[in-house]
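One structure is given below, encoded as structure tokens.
Residue numbers begin at 1 in each chain, while the letters A, B, ... track the order of the sequences. All heavy atoms count here, side chains included; hydrogens, waters and symmetry mates do not.
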Amino acid sequence: MGRLTLKELRETLRDRRTILTLVLMPVLVYPLLGITFQKFFITQFAVQEPTEYHVGFESMEQAVEFRNAFSQGNQLLGREIRPGQPLPLKPGEPPDPSLNFIYPQPGDEFHLADAVAEGRLDLGVRIVAPSSSARQQFEFLVRSGSVLGRDARQFVTSRLQAVNDAFVDDYLQSQTPPVRQPFEWQQTSLGDSVASDFSLATLVPLVLILMTVTGAVYPAIDLTAGERERGTLEALIAAPISRRHVLFAKYIAVVAVALLTAMMNLSAMIATAYGTGLEQTLFGSAGLSLTLIVQIFGLLAVFAAFFSAVILAITSIARSFKEAQAYLIPVMLLSLAPGVLALMPGLELTAWLALTPLVNIVVLTRDLLDGHFPLGLASLVLGSSVIYAALALSLAARIFGTDSVLYGSSGTLSDLWQRPDHGRSTPTVIHGMIALGVLFPLFILLGGVPARLTDWSLTQRLLASSGITVLLFTAWPLALAWQTRLDIREGFGLTVAQPRAYLAALLLGVSLWPFAYELEIWTISPERLQALYELFRGFEVELRKIPIAWKLIALAFVPAVCEELFFRGYLFRVLRTTQGRWPTILITATLFGLFHVLVRDALLFERFLPTALMGLVLGWVADRTSSTTPGMLLHVLHNSLVLLLPDWLDQQDPLMSNHAQSHLPSWMIAVATIIAGLGWSAIPSLMPQPENSRERLEAE
Amino acid sequence: MIEVQELTKDFTSGGQTLRAVDRLTLTVGRGEVYGLLGPNGAGKTTSLRMILGLLAPTSGDAIIGGARVSTNSDAVKQRIGLVSASSGLYQWLSPRETLSYFADLYQLPRERTEQRIAELESLLDLSRFMDRRCANLSTGQKQRVTLARALLHDPPVMLLDEPTRGLDIVGTHVIFEYVAQLRSLGKAVILSTHRLDEATQVCDRLGLLHAGQLRYEGSFAALQEQTGRGSLYEMFLDLLGQPASLNGVSA
């Protein structure tokens, strides 16, 4: 293995294109960028108005008292600005910020902490102990994660600190208690730790990750598709060595080059930051430390391990350098999207984000630069990235060097669209990938459209939403099936199952909603539930005005039938051609869950678990009944009951509505468990199916 | 040494199935050179790839020195050396580094590797360019390195797929000399080529493949008797269903 890896590295590192990416890019790009940034900042500060911090108080009296304290410090620092006398600034130095004092007028309803938490104030100041007391004490309220709030606090405390320093000096010099009194202060962080301000430091992880990606891409293509194109792959595969070993050696080589690139970029970035004086701007207020560098590099190593595996899996499919590039360009663009998403102000590392590839690393690196290292979540980030890397690598191992890749047809893309002469009963993996590849972006693009049609009535929007569901989950796969001469009945599992299958589906359909409801209660915090309630409140009020039949058709029947047709019909059969029973059920359930996370422009991660679990049940039913129709019945019933649930709960007990987070009565859970158990037991007695399509064919 | 049993390969593209090789059966003994001849697309390369285990056959099997390719492909690969016109060399490695790398892949002990490299260097006259990067070698030199790579683990079976493609007359002559040498070393050789004239000289037996099927097989004299034709060209044109005069080829 070592010799294999050494050869791959030798081959790669001798290539001048690798050297270009590895050495020249960072050595040239960062200094140029650094100079540009420096010029930009100088220009910006030369023309910009001083920053104004909004500082709030609970009363005018407190504002006056604080101004007196602040002015003392300002005078001591010689920074008091007099009209007509602008302070001389050093080149590149920004002007002092100004403070805009905000306090309530008599009779106003004003809550200082709320104003800070909601971002209306950068800083809230409370006088804990007034100036008449032995030592004046302040409490500073800062919105958690707010850069402006942090800077405002630093600005005012530097003035208070100046007074305290002067107090110590006076005391030491005169040996008598000085006239001035020292101050004390404390900070209180408020809100949901939502950062509302953009910092240049947030760009650093994205830039480093993009550069690491750039470093990995060329060797990954060259060592897989490039090797096939040059004809060396045939000789390699002709040797008595396992393809997995060969691939793993290539993987290590790609990771090594990616890491070398990361190291070069990090070093060049640090050198540039020091050289141009942008250290704090780029690496946060705490600046750089050896620990921080090691931590960042560690994260880049994890990212390189993950991304190298992903791109190797992709380039292993390609039969030429050009083809590999064509596959990787959209992947790189796609990977930019979560990277940029991670720059969003206010995006906090949660358990869900920690499981989201790429975003997790970018957000964790950003938090590191900001001085936070959430150990539990960081472990989740590292663990999930390693798992994703292993999955991608195992996929690459399945593809790499297979005869279809080595000697597959050299046909063009038009071959994909040529209607075959003969029909088929199961869709191919390629067709499944095309179906999913087209569906997913269209789902993101079109999914939020009805919510934006604010001029339309809710009925019209529901109609549009149903139309989009039918178009994406039914019309599109059916069109693909027609094009590929797929037998619709067989290819989508639209067969009539045994009567017991429908009985089981009926029982499961009416009994699973309490579990879904309870799962939501357990997994969603009261605050999040309230936020969701706020988000959908308007929609819910409008929805109650819609006739129930129309509601059931648009929100229960159409989505259930269309989704079953695609997930448990088409996609299920695609996966069964290569996968066993349980991997197929698991993959379709995961995809089903992921599609339900995106709702009306919002990412509702809490929907993943209940829908994925529902997907497991539906997948199991589809597998055992060899038909999509029982699952459709189950899904329609489940959706209908979930839809009618809020109305019914409100009628039973207003406190039990879906935003009150109350558990269902235990008798209801018990009845649901019994019915679900009956439904569950009805299914296994049905005829089991062979493990996969090949076995099924053999069985036939 | 080589026993091919009803090897069949179907390719599916655009919903259509094409049979590239149709129940190919042949045997090649020790010290025998078998010429697998046929027009482009006849199935020669596909057959060789199936024999080596690079392509999974749709049906049939091949047995190399007692090892079945369907069940023991690693043992088969250990017994075969492949020289293919489509095989390339690592541009950034020298012939010495290339041979050393492949010796590792074939799990040759270090001492044996050095010994074999020295032998092949002398046998194939590689010493002038052993430490130059392969990117800077001529086509003939590259072909010799490819041959050395295939012979490195001293396999009893050699598969030569169009080994003279792109070579000039001298280069071609050199390769055919080596083929004769392989025979003298007792190796079983299957040679796929377009050079019909040279094939008649170097091959002990010939198999004429067309549309995946082995149409004629035997020594050159036996083929002449079977087909009633005096030259391989005529036999070929018969296979293709074209009169000799249209192609300006005469016996």
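Heavy-atom distances place the side chain of B:Leu52, and not its backbone, under 4.5 Å from chain A. Only the side chain of A:Glu227 has a heavy atom closer than 4.5 Å to any heavy atom of chain B. For B:Ser100, the parts lying under 4.5 angstrom from a heavy atom of chain A are both the backbone and the side chain.
For the set B:Thr46, B:Asp74, B:Val83, the count of heavy-atom pairs under 4.5 angstrom toward chain A peaks at B:Asp74. When each of B:Gln91, B:Gln78, B:Glu97 is checked for heavy-atom pairs under 4.5 Å with chain A, B:Glu97 comes out on top. Taking A:Ser242, A:Ala235, A:Pro240 one by one and counting their heavy-atom pairs under 4.5 Å with chain B, the maximum is reached by A:Pro240.
Of the inter-residue distances, the one linking B:Tyr90 atom OH with A:Leu236 atom CG reads 4.0 Å to the nearest 0.5 angstrom. The distance from atom CD1 of A:Ile237 to atom CG of B:Leu82, rounded to the nearest 0.5 Å, is 12.0 Å.
For B:Leu89 against A:Thr232, the heavy-atom pair with the smallest separation is C-CG2, 3.5 Å. Closest approach of A:Ala239 to B:Tyr106, counting heavy atoms only: CA-OH, 3.6 Å. Nearest heavy atoms, B:Ser84 versus A:Glu234: OG-OE1, 3.4 Å.
Residue B:Arg132 qualifies as enclosed at atom CZ: its count of foreign heavy atoms under 6.0 Å is above 12. Other residues, nucleotides and ligands place no more than 12 heavy atoms under 6.0 Å from the CZ atom of B:Arg23.
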